[in-house]
Amino acid sequence: MKYVFIIAGVLLIALSIAAGLIWVERRLLSVWQDRLGPNRVGPFGIGQVVADTIKLFFKEDWVPPFSDRPVFVLAPGILMATILLTFAVIPFGPNFVVFDSNIGILFFLGNSSLGVYSIVLGGWASNNKYSLIGAMRASAQMLTYEVFMGLSLMGVVMMADSFSFYKIVEAQKGAWFFIPQFVGFIVFFIAGIAETHRLPFDIPEAEGELVAGYHSEYSGMKFGMFFVGEYLGITLISGIIATLFFGGWLGPSFLPPVFWFLFKTFFFICVFILLRASLPRPRYDQLMELGWKILLPLSLLNLLITGAILIFLK
Amino acid sequence: MDQKNPNIISELKSRFDEKVILYYQQTIDSTPTLWLDRNNLIEVLKYLKYEITNPYTLLYDLTAIDERVRRKRNGQPESDFTVVYYLTSFERNSDLRLKVALKNGILSLPSITSVWESANWYEREVFDMFGIDFSGHPRLTRILMPKTWKGYPLRKEHPARATELEPFVLTDAIRDEEEANLKFSPQEYGLATESDDSDFMFLNIGPQHPGTHGLLRLIVQLHGEDIVNVIPDIGFHHRGAEKMGERQSWHTYIPYTDRIDYLSGVMNNHAYLLSVEKLAGIEVPDRASMIRIMMSELFRIASHLVWLGTFAQDMGQLSPVFYTFNDRERIFDIVSSITGGRMHPSWFRIGGVAHDLPDGWDKPMQTFVNYLPKRLKEFDNIIIKNRIFKARTIGIGVYTAKEAVDWGITGSGLRATGFNWDYRKKRPYSGIDKLEFDIPLGKNGDCYDRALVRMEEMRQSLRIIQQCIDNMPSGHFKSDHPLAIPPRKAKTMTDIETLINHFVGVSWGPVIPAGEAMVPYEGAKGGNGYYLISDGSTSSYRSRIRTPSFPHMQMLPLIAKGYTIPDLLAILGAMDFVLADLDR
């Protein structure tokens with residue numbers, strides 16, 4: 001019974017954050033862009049979330065006749081499923097985790113690799129040239145960034161001596177890992193942006209170039225799943241950054257641990273949005289170059305040095 | 001400037017023979033206008049471009065005139081259709097207009113694409129509008145009108161209004177024909193479908209696409225994401241502005257000009273009126289001239305702000321477009337307090353401007369001039385100096401000054417290559433030579449330099465506006481010339497002549513004396529100009545609008561080949577074109 005509550009709680013928090021982000025992002029962007037943003041529906045326009053969701057539900061759910069129908073329908077589901085599954089291993093607080101796996105980080109990396117299928121298949125099944133280009137870009141980008149996304153976390157794993165998110169948080173009671181693992185944090189953060197394909201790394205979507213990239217042909221709730229999936233992805237990456245590098249639920253005890261976790265997560269979500277408001281988009285070959293030539297060597301170096309120091313200390 | 005006594009005639013005569021110039025036509029704009037024989041056209045053009053000292057390197061314009069119902073030709077050689085070539089020599093700082101007569105139903109000329117590649121689109125336009133054939137043209141098809149269009153719109157017999165035609169009915173046959181015509185076939189554009197080792201992908205960017213800034217279609221031939229070739233397909237925004245000029249009176253055409261380059265409002269009025277006033281021989285009072293300069297420069301800033309914001313957006317930067325549009329809104333606030341309009345105030349009049357400046361006009365203007373430099377500095381920091389932005393624009397879409405001139409590039413795009421040419425300095429109009437400003441130049445001719453040049457141009461425009469605020473002369477805001485309509489209302493109450501002029505001017509519009517004139521104008525996007533022909537009537541006989549975006553877009557394939565799709569967007573963004581300016 002306890003698990004049912006935890007699962008329901010995690011799902012509720014994750015989905016409501018993701019949906020709420022639609023409004024948060026639009027309001028925050030408009031603050032940074034000298035305009036008002038949605039402020040009409042309800043207090044501060046917060047009802048916009050409901051209005052947007054209702055709109056998405058009632059839109060015609062059109063499947064293009066030239067598409068590969070089963071794959072086209074399946075693709076957005078894969079994205080939602082992989083991201084939501086990953087939330088199972090994230091500890092929201094002490095004893096507030098669905099499934100404290102001893103391979104938590106591997107589970108997350110595996111799921112994020114599966115998530116690429118959603119985009120590639122969606123782009124491919126759309127049978128549209130823009131979608132195809134978007135899907136190809138996505139697969140190249142994800143392949144590049146997954147390599148050192150995993151590597152950048154290995155420093156943390158070595159320091160905590162565990163793949164379990166829960167244990168990693170507990171290992172940070174002395175000092176949060178972003179201090180010793182600063183390089184790992186930066187590399188993971190950049191990889192995380194690429195993983196969620198947000199500006200400046202929204203190359204698979206690249207509005208000005210590819211219309212809407214891989215989800216050009218999607219409408220209605222299928223588009224909605226990509227849309228919410230993107231926000232879920234941001235929430236997830238922010239949550240993982242908070243967990244692995246900023247002590248997860250740890251914090252002064254005058255507030256409950258869940259609050260600290262959500263607070264840290266929300267902070268990184270805002271950083272994601274701020275990045276979107278401020279940076280232009282590099283060309284995809286420049287992105288690859290950054291990945292292979294700078295970030296990969298950097299994460300390897302970080303791994304080596306962390307390992308050397310740990311051995312030296314033992 | 002030795003335009004009054006051109007030695008070009010003697011140079012031509014000594015190179016060829018006495019008969020090379022069939023007729024020397026006097027024009028009001030004192031541009032030497034020479035009638036040539038069709039047989040030695042290419043030779044003369046080659047001589048003018050390559051051999052002559054101080055050559056005529058720029059093909060500024062190429063167009064045609066339907067002469068069949070023109071009454072006051074004043075001894076010009078007989079002609080049904082006249083093709084006009086307008087050349088510019090930078091070294092001489094002088095223009096040359098060459099005309100070739102076509103008559104007796106033989107509507108064919110040799111194509112000059114072998115001399116100027118930029119003639120390609122111009123000749124297609126003449127073919128499209130007049131049905132004149134150019135032999136040896138690489139692909140002579142319609143350019144602005146749809147493929148299925150019947151007739152040649154700028155011929156005098158072609159109707160200008162829908163009410164002159166039968167009611168339109170979309171039958172199945174018409175629909176099928178139109179749909180069949182929309183089918184894309186690479187062969188039609190001379191594009192190969194495969195290389196030795198792979199198939200090409202044809203990507204249709206536009207006419208509806210977020211990156212094309214309007215109704216523009218680009219057919220992109222791709223190898224992976226590398227651009228093998230790109231073919232612009234234009235004409236979706238064609239509104240027959242030149243044809244309208246033949247129907248509207250000289251005065252009522254002014255609002256149409258606003259909508260040519262719709263981002264630079266009164267600058268279009270300015271370019272048009274310079275030609276009209278030249279034809280009419282109207283001297284514009286100093287105050288009116290300076291008001292015009294001030295408003296034009298204000299609109300140059302407005303246009304550049306839109307360019308800056310959308311360019312950054314093309315690079316994926318979301319925010320600057322809001323900042324620049326907000327600042328543009330400040331300009332529109334000033335514009336509306338002075339003119340009553342915003343984007344298209346249509347506020348200039350023949351012989352001056354519509355009203356005098358309102359009391360206290362200088363305060364908001366001064367506030368803006370003080371405010372903008374700080375913002376420009378911010379834009380420099382968030383856009384121009386951004387490292388990703390630099391990585392996206394430096395070394396992208398490069399062309400040399402020679403290529404630029406060959407392809408008819410003017411304005412910031414030309415100056416970004418380091419070529420110093422600005423009509424405000426070289427052919428000063430409206431007394432702009434009395435004001436101090438610099439012409440910013442680039443070095444490399446890439447997208448980044450084009451951005452730098454435009455940023456600096458905004459600062460220079462502010463300098464000009466500041467001098468206008470400080471030195472605004474007193475006097476009339478409109479000329480007393482009888483053709484400047486309508487004459488001042490107050491005077492009509494005391495003077496019967498003025499009353500008659502007022503009445504005629506308001507009910508018919510002014511009758512501009514017969515003649516031809518074109519005044520090159522430094523628009524926000526490049527060289528603009530209205531080639532107006534009056535037949536001594538209340539409306540123009542032919543209004544040719546030379547717009548900068550047209551040749552700029554024509555050059556796209558040359559500068560986009562070998563780059564990738566994101567670069568194509570950067571090149572388009574840096575080009576700063578406006579679709580209405582392209583299609584008219």
Side-chain angles (χ1 to χ4, degrees), chain A residues 25-26 28-37 123 127-141 190 193-194 197-213 216 272-290 293-294, chain B residues 184 200-206 208-213 218 220 222 224-227 309-327 329-330 375 378 381-396 563-570 572-573:
Chain A
E25 168 153 54
R26 288 176 65 182
L28 276 181
L29 275 181
S30 47
V31 166
W32 287 317
Q33 290 173 345
D34 293 353
R35 58 195 176 89
L36 287 173
N127 204 0
N128 170 318
K129 289 171 185 173
Y130 288 113
S131 306
L132 181 65
I133 294 177
M136 291 301 124
R137 285 182 178 188
S139 52
Q141 177 174 327
I190 295 174
I193 304 168
H197 32 88
R198 292 272 304 176
L199 250 170
F201 297 154
D202 68 335
I203 288 166
E205 289 171 49
E207 197 225 348
E209 300 159 22
L210 299 183
V211 191
S216 298
F272 267 86
I273 297 172
L274 178 61
L275 279 179
R276 181 172 179 211
S278 48
L279 287 179
R281 177 194 307 126
R283 215 168 49 213
Y284 64 89
D285 57 308
Q286 292 163 347
L287 180 82
M288 300 292 167
E289 239 175 62
L290 176 74
K293 290 186 183 164
I294 297 172
Chain B
F184 170 70
F200 292 129
M201 175 181 186
F202 293 98
L203 188 66
N204 201 21
I205 298 185
Q208 307 288 349
H209 188 280
T212 54
H213 302 202
L218 301 170
V220 191
L222 288 173
E225 272 210 48
D226 294 335
I227 296 169
T310 52
F311 186 32
Q313 198 173 35
D314 285 340
M315 302 286 120
Q317 213 170 1
L318 283 179
S319 302
V321 73
F322 294 102
Y323 306 146
T324 62
F325 271 67
N326 276 351
D327 288 341
E329 210 55 34
R330 286 169 201 268
R375 290 289 279 186
E378 266 180 57
N381 287 334
I382 61 174
I383 307 172
I384 305 290
K385 287 184 185 158
N386 184 301
R387 281 167 65 187
I388 301 177
F389 180 86
K390 281 186 179 172
R392 289 290 306 275
T393 52
I394 291 178
I396 303 296
Y563 294 104
T564 58
I565 299 177
D567 297 327
L568 178 67
L569 272 296
L572 282 176

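All values derive from a computational prediction rather than experimental measurement.
For chain A, the nearby parts of E225(B) are the backbone and the side chain; heavy atoms of each come within less than 4.5 Å. There is no contact between S30(A) and chain B, counting heavy-atom distances below 4.5 Å. Within the 4.5 angstrom heavy-atom criterion, atoms from both the backbone and the side chain of M315(B) approach chain A. Residue contact with chain A, scored on non-hydrogen atoms closer than 4.5 Å, involves the side chain of I396(B) exclusively. For R276(A), the parts lying under 4.5 angstrom from a heavy atom of chain B are both the backbone and the side chain.
Taking the ring centre of F272(A) as origin, the terminal cationic atom of R198(A) falls outside the region bounded by 6.0 Å and 45° from the ring axis.
Looking only at heavy-atom pairs under 4.5 Å with chain A, the residue among D567(B), I383(B), V321(B), L568(B) that has the most is D567(B). Between chain A and the options G316(B), G573(B), A391(B), heavy-atom pairs under 4.5 Å are most frequent for G316(B).
Using cut-offs of 30° and 60° on the angle between ring planes, the pair F311(B) and F389(B) is perpendicular.
Taking the salt bridge (Lys or Arg N to Asp or Glu O under 4.0 Å) definition, one finds that D285(A) meets it with R283(A), sequence neighbours left out. Listed by chain and residue number, L305(B), L308(B), F379(B) satisfy the side-chain contact (heavy atoms from CB on, under 4.5 Å) test with T324(B) (two or more places apart in sequence, or in another chain).
Remark: I193(A) CD1 to L275(A) CG distance equals 5.0 Å, nearest 0.5 Å.
For the residue pair H209(B) / N204(B), no side-chain donor-acceptor distance below 3.5 Å is found, with atom types taken as modelled.
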